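A short worksheet on the structure shown next.
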Amino acid sequence: MTNHWIDIKNSDAVLIMGSNAAEHHPIAFKWITRAKENGAVLMHVDPKFSRTSARCDFHVPLRSGTDVPFLGGMVNYILENGLYFKEYVLSYTNAAFVVGKGYAFKDGLFSGFDSKKRAYDKSKWAFETGPDGVPVIDLTLKNERCVLNLLKKHYSRYTLKNVSDVTGVSRDNLLKVYKAFCATGAPDKAGTMLYALGWTQHTVGAQNIRLSSIVQLLLGNIGVAGGGINALRGEPNVQGSTDHALLYNNLPGYHATPQAQWQTLADYHKANTPVTKVKNSPNWWGNRPKYMVSLLKGWFGDAATPENDFCYGLLPKLEPGQDYSYMYVMDKMYDKKIRGGFIMGVNPMNSFPNTNKMRKALDNLDWLVCSEIHTSETTENWHRPGVDPKKIKTEVFLLPSAHRIEKDGTISNSGRWLQWFDQGVKPGGEARNFADVVVPLINMLRDMYKAEGGTLPEPLLKLHWPDKYDAEEWTRRINGFFWADGKAGDKTYKRGQLVPAFGFLKDDGSTSSLNWIYTGSYTEEEGNKSKRRDAGQTPMQANIGLFPNWSWCWPVNRRILYNRASVDMNGKPWNPEKAVIAWENGKWTGDVPDGPWAPMSEEKGTLPFIMNRDGHAQLYGPGLNDGPFPEHYEPAETPLASHPFSKQLSSPVYKFHTSDMDKMARAADPKYPIVLTTYNLTEHWCGGGETRNVPNLLEAEPQLYVEMSRELAEEKGIKNGDGVVIESIRGRVEAIAMVTVRIRPFKVMGKTVHLVGMPFCFGWTTPKCGDSTNRLTIGAYDPNTTIQESKACLVNVFKAGKLTELG
Amino acid sequence: MAASCQTVAETIADVLKRRPVLEPVLRFFEPVLIAQADVAAGLTRALRASAPRLPEFDPERARQGASLLAGVPLTGAASAMRRSAKKLLPLLAGLEAMKTHVPALEAFFLKPARKGAQDRRELLAEAVVSGDAGVFERLGGQGGLEPALLEFVTGLVLAPVLRAMTARIPAVEGEAPWDAGNVWRQGYCPVCGSLPSMGWFDKPALEEKNAFLVSGGGKKHLHCGLCGADWKFRRGACPACGKEGGVMELLRESGPAQGERLDWCTSCKAYCPTVDLRERESRPNLDALALGMMHLDMVAADKKLHPLKPSFWNRF
Amino acid sequence: MPKTFLIDTTRCTACRGCQLACKEWHDLPANETKQTGSHQNPPDLNPNNLKIVRFREHLDKDGVVVWNFFPDQCRHCLEPPCKGQADTSVEGAMIQDEKTGAVLATEKTAQLSEEDAQSVIEACPYNIPRLDKKTKRLTKCDMCFDRVSAGMQPICVKTCPTGTMAFGEREDMLNMARNRLETVLKEFPKAFLADYKDVNVIYLLAEEKEHYYEYAAS
């Protein structure tokens, strides 16, 4: 979230799109209710009418996979009607930047496309620069290659007709949402966008979010109270795991994972430390070497010295251009290139797409270690229905895992608040926290290396590694220490003391931090700030519910990101009624501003978007792999043979695999005419591995179902409650039909397109409840993140004879 | 708060139902506590005419941590204290350990002041508020009394006077002025500066505007055993050392004593008896309940914890 | 003055926290249920579910989806017909607590003949009591009598995260109900307080009872 849960109450218009907030955040939803009671308009744009829709002012059904046209239509509506916040857009975004001549867009493809590699040469999309390297900015917007002009041109194709034809949303409904939301382009109004996996799990997932940021920037909704782009995350600690780099492609604190061509730390710094030519741009990532060296110091301690590149050489390096995401790992496993491994905290044999392939892939392992509370479809894969356990060679080690209430430590909530959780009860039996599995395991390996030697012992032996795991100690390590006596401001610190803020991290090895964005969360002066539960605040902060003394929030306790964009050039809030920060008597009041510098109009004033090299928010963003502007591409499996935006049907660069089990239905395949979207529900949690073992929850939602319209049911001769079979080109799933008015047929390009929806929380290890919905879903991935397109694929539905998966 | 407030007698009766073993102690102090409440009620009316008055509440001073009475002379408290002592001292005479000291105490609290000198009652009262132990040593020595005893009795006599003064502080939008706008952030009393004798969690409140936000109750308040003030405090913080996040619960009771427990600080090892009122029908008299939870004080002493607010029953 | 619930269905998200909390407080076992084409599960009140959330959907005259949620439970009538009926056969089978207004099915309901028990069930205008075939007793919501007697809120009210449910003195609840109705009417012109003069569980419904449940109001 750019903002935080409480802040939603400050909103004048709440657009929930790609999220089922009431069902998945039932407690936090109260802030959305509060916005409504304060007079906000609540809108839910989603393929199905859910419990969220029931509490909104209106629901707009949208064909799954058409968020880009829906939002692109909104961009066009804003620009055609001049509804954008002009001063904000010109001053704070790259609207007036001139794009280089290398950029072009034709027939759905951007310039630089290499069809063999399915990749773009992104250098073609660069901005125009002057002879001194400074980007060319034309505030008169006369240059036709100004970003705003290109934006206008690009989205001029997103007319109400085209958008309506593709999305299946009526013109009236489009206008209803556009009008209500775009009213927040007024300086004293704010609109928020709430999303979740409904936006991300598409082959254009990253671009969905890019486009939402374009809308929010045009309306001046970034940085203000009640605004922002808010990814709804929660108890699974997605925020924390992202910050701490659970995925392969970055290191804790949003640093790129080293690649083979960066053999030295100097190479790494050179490739990853941006340099700006814009003189009032703070270019915060220019500090990256300090954070990277502090990270290395946190990992390797005294072993990390300037002479040995702080042990940078010991980090594994990626081959450039290679994808090491879990989808590719599973593909390699299917290809018998992986012999064993650990699977913890995830149930891929139920939750990953194209599960039939996943299950077969897992059979190829010699050994597997899992740590779980309950057995799952993953731990029990070797004796799943339809396989002979004697023929599966995998040796499974199942370690009993502690439940989350049996652990202490922090969870980072959706609003980036770091909150401490005490241990409720001690783990039962031999159950252990994951960390209490990993820390001793590494120590055993270290002991073995010490005793027996072996290949490349240094990465493990040089680690600054504890004997025992202690959550509080780890929280301190994440904050970081001084490794030499030093100073921060006027204060002196001794070696071993905590660093008070990331501004004091250094690139000379005198400080450590396991994650620079969390530096300041645990200090000598104030202790463990994740434990703060102080509701005290100034009247200005109380006005918008900032609660700066409750827990702690990264970065530097800033509750609303990009808050310098909430004020004008003189530091005066655009909306004084809901001021986030204000420049008063030479000082900032309210929230912690994005950097201490004076407002832009002053001599040493700075631009607000400090994390972007040139200080401006990016309407035009040349960084993503699939284009500087979001463009509509149909899902990898689409019921359409063509669409009105271009000849390019699906994304030219989405990723996929080519094994014999990675089949895809062709476009408008008559055998699979129905769109399937998948989701979850309040009563079960994620893949259901935990909640299916709670009898009272299973009582409330006992079995797999498929929601479908009355029209489709009639066409197929299916009655409510009938057993049905759903088939995709990849698999077959049984479910109970839930025939409902909450799903309606879409009118798309003149024809009727049906959509069905299924939860993915049921699996065979719970008797009679049905088995993985993901046996239907597709292995097609976003080209930036490799997230799977779980939200849209093609299926067909039939009335079932005898059911075998459901009791 | 919608729930009814119990009187001293009601709370003691309630406690005795579940802890009959405390009968002798509670029965002895019951009349003392009742008399204190009576005196305070009487004084609330009477004080209108006579001094002292509390200074006006100043949010800025409060924000800086200055309690209302900090540095304020208690000139004029003598007659009210005399009135209080007149009622309370005879009750103390019933206690064996106290009996022999009553004449000396009467000399302190009932005799008129010597001309020209500051009234000793007021000196003692100011010493209680400022925590100046030297005064009790000096005056106790002069009057032939143990300083600790003199301090204890002064507190007992002064409490109804301060309570009468506190009771007259006007509310701001239905809240005590120090709770309004969260201006008071200290663990000690915003009126007299004492450390709290009890903590309590408030009950769910019916507040339509906030029906789905704060109706669950559970805000922590601290209660001053001396002047009777209550103030909101951060639930996870220690009132003594201020450390956040280190407060743990000890000996949470269930059944009829639901919600009674000790909150103790892992950092400074101070504890405070606390009662969670969210799931109790009525609000007990907190002074009586503090006494009625003395069995927990013993357990705390065993665990080497020390009371936040020492009283005669928790100094082991 | 008895205790009263206010259940404002316009705030309900059907999270079913109340339904589960009720089971757990009363320590009732889970039924083995099946998906039958509805989220409403178990499909009806039963001896193991004294409170369930009912779901009902329809298209309004403009073709807009309306999905209503109805957390169904005993209304604790001011003059309970079930008690009147039970009294004619077994005195004390159904009782009304004077202090709280709770209407309770006691262990004496087991003494009711099957026919008499059926008559008690049929006497209820809201179709609430259910016969436990094993114990022969009538079962229904007991207002969490144990909790309420000890000064606590009923567990469903305590659990509700949305502000749908409130509980307190009847007079306070009536005031709150009137205030809420006034607000809700602006958005839902057909909103009303179901049978509020006769019951201690007052539902604020956004439209006709048929769009919630036949027995949502008498």
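Throughout, a chain's letter reflects where its sequence line sits, starting with A, and its residues are numbered from 1. All values reported here derive from a predicted model rather than from experimental measurement.
By the 4.5 Å heavy-atom criterion applied to side chains, C:Trp67 and A:Arg55 are not counted as neighbours. Within the 4.5 Å cutoff, side-chain heavy atoms of A:Phe29 are placed close to those of C:Thr13. Residues A:Arg742 and C:Leu59 are not in side-chain contact: their nearest non-hydrogen atoms beyond the backbone lie 4.5 Å or more apart.
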Check the pair A:Glu23, C:Arg16 against salt bridge (charged side-chain N to carboxylate O under 4.0 Å, His left out), reporting the backbone distance first and the verdict last. CA-CA 10 Å; A:Glu23 298 201 35; C:Arg16 295 198 270 193; over 6 Å; no
Are A:Phe49 and C:Glu57 close enough, and set up right, to give a side chain to side chain contact (heavy atoms under 4.5 Å, CB included), and what steps lead you there? CA-CA 10 Å; A:Phe49 188 103; C:Glu57 61 193 39; over 6 Å; no
Taking it one step at a time, do A:Glu699 and C:Asn49 satisfy side chain to side chain donor-acceptor pair (under 3.5 Å)? CA-CA 10 Å; A:Glu699 176 193 71; C:Asn49 292 80; 3.1 Å; yes
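Using a 4.5 Å cut-off between heavy atoms, C:Asn68 does not touch chain A at all. The contact between C:Leu28 and chain A is made entirely by backbone atoms, counting heavy-atom distances below 4.5 Å. Only the backbone of A:Val739 has a heavy atom closer than 4.5 Å to any heavy atom of chain C. With a threshold of 4.5 angstrom between heavy atoms, A:Lys719 does not approach chain C through any atom at all. Of the two parts of C:Glu32, only the side chain, counted from C-beta on, holds a non-hydrogen atom closer than 4.5 Å to a non-hydrogen atom of chain A. Looking at C:Thr36, the atoms closer than 4.5 Å to chain A (heavy atoms on both sides) all sit in the backbone: N, CA, C or O. Contact annotation for A:Leu697: both backbone and side-chain heavy atoms come within less than 4.5 Å of a heavy atom of chain C.
Each of C:Glu24, C:Gln35, C:His58, C:Gln19 has some count of heavy-atom pairs under 4.5 Å with chain A, and the biggest count is that of C:Gln35. Comparing A:His59, A:Lys768, A:Lys36, A:Glu701 by how many heavy-atom pairs each has under 4.5 Å with chain C, the most go to A:Glu701. By number of non-hydrogen pairs under 4.5 angstrom with chain C, the leading residue of A:Pro26, A:Gly721, A:Pro695, A:Ala737 is A:Gly721. The choice from A:Ala700, A:Ser53, A:Ser50 that makes the most heavy-atom pairs within less than 4.5 Å of chain C is A:Ala700. For the set C:Gly17, C:Pro42, C:Pro29, the entry with the most heavy-atom pairs within less than 4.5 Å of chain A is C:Pro42.
Between atom OG1 of residue A:Thr682 and atom CG of residue C:Leu20 there is a gap of 11.0 Å, rounded to the nearest 0.5 Å.
Between A:Glu37 and C:Arg11 a salt bridge is recorded (basic side-chain N to carboxylate O distance below 4.0 Å).
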